[in-house]
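Computed from a predicted model, the values in this text were never measured in an experiment. We use all heavy atoms of the structure for the numbers below, so side chains are in, but hydrogens, waters and symmetry mates are not. Protein chains get the first letters and strands the later ones, always in sequence-line order, with residue 1 at the start of each.
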Amino acid sequence: MSTLLLLVITGLGLGALYFLVASGLSLIYGLMGVLNFAHGSFLTISAFLGWEVGRRVSDGTWAGLALSALVGMLVGAVVAAATEYLLIRRLYERHIEQALVTVGLALASVALFEGIWGTDPIYTQKPEWLGETTEILGAKIPNDRFLLIACALLVLGGIVLFLQRTRYGLIIRAGVENRSMVTALGIDVRRSFTIVFAIGGAAAGLGGVLASVYYGYVSAHLGSVLLIFAFIVTVIGGLGSLTGAAIASVLVAVLQQFANYYLGGTGDLVVVIALAAVLLVRPRGLMGKAA
Amino acid sequence: MSEPILVVDRLSGRIAGQQVVEDVSFEVPASGVTALLGRNGVGKTSTIKSILGLIERTGEVRLAGTRVDRLPTHRIVQRGVGYVPEDREVFGALTVGENLRLAERDDRPRRELVDRLFPDLVERRAQRAGTLSGGQQQMVSLARALVNENRLLLVDEPTKGLAPRIVDEVAAALAEAARTVPILLVEQNLHVIRALAERVVVLSGGRVVFTGAASDLLDDEDRIQRYLGVHDAAEGQNASEGESR
Amino acid sequence: MNQQRTDAAAPVDAPTRDTTTGPTPPPAASARRPLLLLAGGVALVVLLAILPLLAIDIPGVLPGPTYTPGTLQLLAYAMLIAALALSYRMMFGLAGLLSFGHALFFAAGAYGLGMTLYAFAPVAWPSELIFLGSIAVTLVVGIVLAATVGSLALRVTGISFAMVTLAFAQAGSVLIRRNPGGATGGDEGLSLDIEHVPDALVGVVNTRNLYWLALGVLVFVYLVVLWVERSRAGHVAEAVRENELRVRVIGLRPYTVKLLIFIVASVLAAVAGMGYLLLQSGASPRIATADFTLTLLVIVVLGGVGYRWGAIVGGIVYTLLDQRLTALAGSDFIAGLPAVLRVPLSEPLFILGTLFILVVLFLPGGIAGIPQRIRTGRKQHPVETEEAADA
Ligand SMILES: Nc1ncnc2c1ncn2[C@@H]1O[C@H](COP(=O)(O)OP(=O)(O)OP(=O)(O)O)[C@@H](O)[C@H]1O
Ligand SMILES: [Mg+2]
């Protein structure tokens, strides 16, 4: 029982990370049809800069971590918005080229990060409490899992509020469903592209800082690893669906934890098989719009 | 007669690299309903989409004397064009209210007018548009266009697949709208055309084959057969050129 | 990508050949052109074949004269990558299948041959038989793998197809790294068991032979690709890419054709992979990663998706550039620069990635498209017309 609980909560924590990356990916794809390979780089640069600022102010304290998170979100939002504005927009409506540009950006940026911060992981400090465990029903749960879950819930709530309560949110929801009809109502849908990128970037940025807490280090490849799983989550959840991304994040991460524990560390493989299965049975994903 | 609201000059449109509108030229006068007719698949929808820049196009389009064929869709619409697409294209995941709110371009949207024309929608503000009946969806689609002050309405098969009673309702709404704004209407239902249209433009094989007063076409069984009929061996030259079946 | 209206029948009698959509080079100006091209191609192959006997030195491009093992090794590697890129182009450029899993089949060739050689090592057959037998086994494995992955992945299209292929490749990559039963060597990679490999293909002194082998692989892959493209299947695949609906109307099943192309391209990748194993005397898990496939994508786009030889040019330019940039990164010149310049310039992938972005933005036809651009003097975009459909 306690193992089960540990696996579930740990899975939820990992799922929270996946969600922070996948939410942006899914919204961006849903609205713009762009498969954003640079999303991992948004995460990595935010993790690095968040760490650089946080440790200078007060390393390993809550204040330092909060500052890191703020910086991470800001950096993620700015870098993502700039990417959309400077690169993606020039290739308006050419989806393959847009994806290719993000591929180039991902390759170049990871190399740049390696050049600046080196190829080895840099171990990070975190507030003491996050390194400890809390006992729930006999299961010793690492505390950082709670932080991850809480943050992901906040982000989910924030995005939902934004989508439901603002005019831009309305435009984005409509655009995911039928972009050309939005323009046919006289709305410049491109402005919401930048916003979606900024939101996705901010979520990924927060994800970067939290990933450095979860893994205990930052490295140039932090984003690339998470990106592959986020892609899988996005597709399983249904491209363009925020709810789908949330559900799939949890499913994938929990499944991964269970397989790792009970099936001899085969978590990655099981996830891949799950993806293939979902796509074959239901190509549009759990909550995706009909293809 | 005053200057036409819309001038379409040698307009061509392509979808996926394939020509679907060929060198189409016609005008829409500044008042009344102009019907755009032709057999299925002849390119009526594509012509409307080309005017709006929803598909790749070449040629000239002038709205109230100004060229708009280089403008992106949203700019054209902002100049006062209301669009009611074929198959309604309401946002199914959004509520009726949200669909209407999204469409409001003006500072003072004409909500009372919309409520008066489509009382059905008033109590359904919070219902998801995807769960509405086809007729109700068409009202949402019409309401999205009528909520703004427009210089021109482009309306594509508003009665397609609707029950006769709803067809009348839609036609009534269009007739009311036509009192203040010129309409380019694609329509298959001859009754509706008879009731509304003053002028007609007929497409065949992606080209214009007839323009003139509605009565000239509608009172001529032979022309109706030739241009709109289902089977007729004496099909026009242009029609055999490719697109039409 | 393009959502076709399935309820509308497109005209079948008037196929519009669209020159702006790239992939097919403009029709030959005269009947003599194919002959000239053929002669040029043969001359090029002959030149490449005698390169190891010459002492051509191109400072800055090659690490040394052409007869030295180091240079031959690099050139051979470049040719294998070119062959791999060519097979990738056949899927992406010809059939429009954006796969993120092509590395899987390259790795299957390399690891398959390596592992089969180990498996056969204790058997008391003649070495030649074991060597050829291992190649045959690897080919069969490649075909089976390609048929399995292809038939599953092709049930979905567009981005989903890309994702399924990515997922399979990722599974392969994970398996290789996990080193089941010590078979793949895990992160260390797999070294070539030379016991049954012909002596002529072993050791630095024989780099020349390996070079010729690589050239042979490249020519072989080129000919197969050419054959497929000219075949009925190739034409149908091209038509499917342009307009799947139209092909359905004619009454052909795009699925079968796509699957065929997928299998052929994958097996060709496996062939290149076997060459890679012999040339490098081993295989590293890097060649199974998604990054490796992305590199291929970069190569094909860099060279020019619309052109067969674009993939070859891209493969060779990329490999040489990568190697030279790595050499440059370690040079004194770079070390003397201020950090703002030194850090980015000492990362070859940064430069290549940036170059790639610039090509996508400003040089849509890739390197191979440059002559065409100069000739027409127009700014054409290869896939421009495709997008209008989804507006
Ligand atoms: N997305 C698409 N892909 C390929 N061809 C298309 C597409 N949309 C339309 N077409 C083709 O363009 C031509 C014109 O279509 P269009 O929808 O404009 O005709 P229409 O006159 O509006 O027909 P209907 O009366 O049935 O609405 C048809 O031959 C159709 O098959
Ligand atoms: Mg139509």
Side-chain angles (χ1 to χ4, degrees), chain A residues 26-27 29-33 89-96 159-195 237-246 284-291, chain B residues 15 45 48-56 68 71-106 109 126 128-130 137 140-141 143-156:
Chain A
S26 190
L27 276 181
Y29 184 86
L31 183 67
M32 307 169 59
R89 179 162 296 200
R90 307 183 58 112
L91 298 167
Y92 186 61
E93 289 288 304
R94 295 192 204 126
H95 300 306
I96 301 234
I159 296 182
V160 167
L161 271 184
F162 175 81
L163 289 179
Q164 296 293 339
R165 293 290 161 80
T166 65
R167 170 125 183 120
Y168 276 114
L170 183 60
I171 293 173
I172 291 167
R173 278 186 293 141
V176 167
E177 200 177 321
N178 184 346
R179 191 177 51 224
S180 65
M181 193 58 220
V182 174
T183 67
L185 291 177
I187 296 163
D188 184 359
V189 77
R190 284 175 304 181
R191 209 171 301 153
S192 57
F193 292 175
T194 318
I195 293 176
L239 290 157
S241 163
L242 191 70
T243 330
R284 63 192 160 105
L286 300 179
M287 314 271 295
K289 58 179 171 179
Chain B
I15 296 177
T45 301
I48 301 249
K49 287 191 169 178
S50 306
I51 292 170
L52 280 170
L54 284 168
I55 62 176
E56 211 187 300
V68 296
L71 296 180
T73 303
H74 64 93
R75 282 272 142 70
I76 300 176
V77 172
Q78 281 166 5
R79 282 168 178 260
V81 179
Y83 174 47
V84 182
E86 191 174 14
D87 300 324
R88 297 143 201 146
E89 302 205 33
V90 297
F91 300 101
L94 272 49
T95 63
V96 171
E98 285 173 335
N99 266 280
L100 296 182
R101 228 178 330 123
L102 192 66
E104 289 172 1
R105 300 195 305 266
D106 301 349
R128 284 193 355 157
Q137 289 191 7
V140 173
S141 193
R144 282 194 312 202
L146 298 180
V147 75
N148 300 301
E149 197 96 44
N150 287 307
R151 291 153 101 175
L152 172 68
L153 287 184
L154 303 175
V155 183
D156 196 349

Quiz item: Atom OG in A:Ser180, atom CG in B:Leu52: separation rounded to 0.5 Å?
Solution: 10.5 Å
Quiz item: Would A:Ile187 and B:His74 satisfy side-chain contact (heavy atoms from CB on, under 4.5 Å), going step by step from the backbone distance to the final call?
Solution: CA-CA 5 Å; A:Ile187 296 163; B:His74 64 93; 5.6 Å; no
Quiz prompt | CG on B:Leu102 to CZ on A:Arg173, rounded to 0.5 Å | solution = 9.0 Å
Practice problem: Work out which heavy atom in A:Glu177 is nearest to a heavy atom in B:Ala93; give both atom names and the distance. | Solution: OE1-N, 3.0 Å
Quiz item: Of all heavy-atom pairs between B:Phe91 and A:Leu185, which one has the smallest distance, and what is that distance?
Solution: CE1-CD1, 3.8 Å
Practice problem: Determine the option with the most heavy-atom pairs under 4.5 angstrom with chain A, choosing from B:Glu98, B:Glu104, B:Arg105, B:Arg101. | Solution: B:Glu98
Exercise. Check each atom of A:Val182 against the heavy atoms of chain B and say whether the ones under 4.5 Å are side chain, backbone, both or neither.
Key: both
Quiz item: Are there more than 12 heavy atoms of other residues, nucleotides or ligands under 6.0 Å from atom CZ of A:Arg167?
Solution: yes
Practice problem: Would you give the length of the straight line joining atom CE of A:Met181 to atom CG of B:Leu54, rounded to the nearest 0.5 angstrom? | Solution: 8.5 Å
Exercise. Would you mind checking which part of B:Val81 comes under 4.5 Å of any heavy atom in chain A, side chain (CB onward), backbone (N, CA, C, O), both or neither?
Key: neither
Exercise. Enter the distance from B:Gln78:CD to A:Thr183:OG1 here, rounded to the nearest 0.5 Å.
Key: 10.5 Å
Exercise. Please report the closest heavy-atom contact between B:Leu94 and A:Ala174, naming both atoms and the distance.
Key: CD2-CB, 3.8 Å
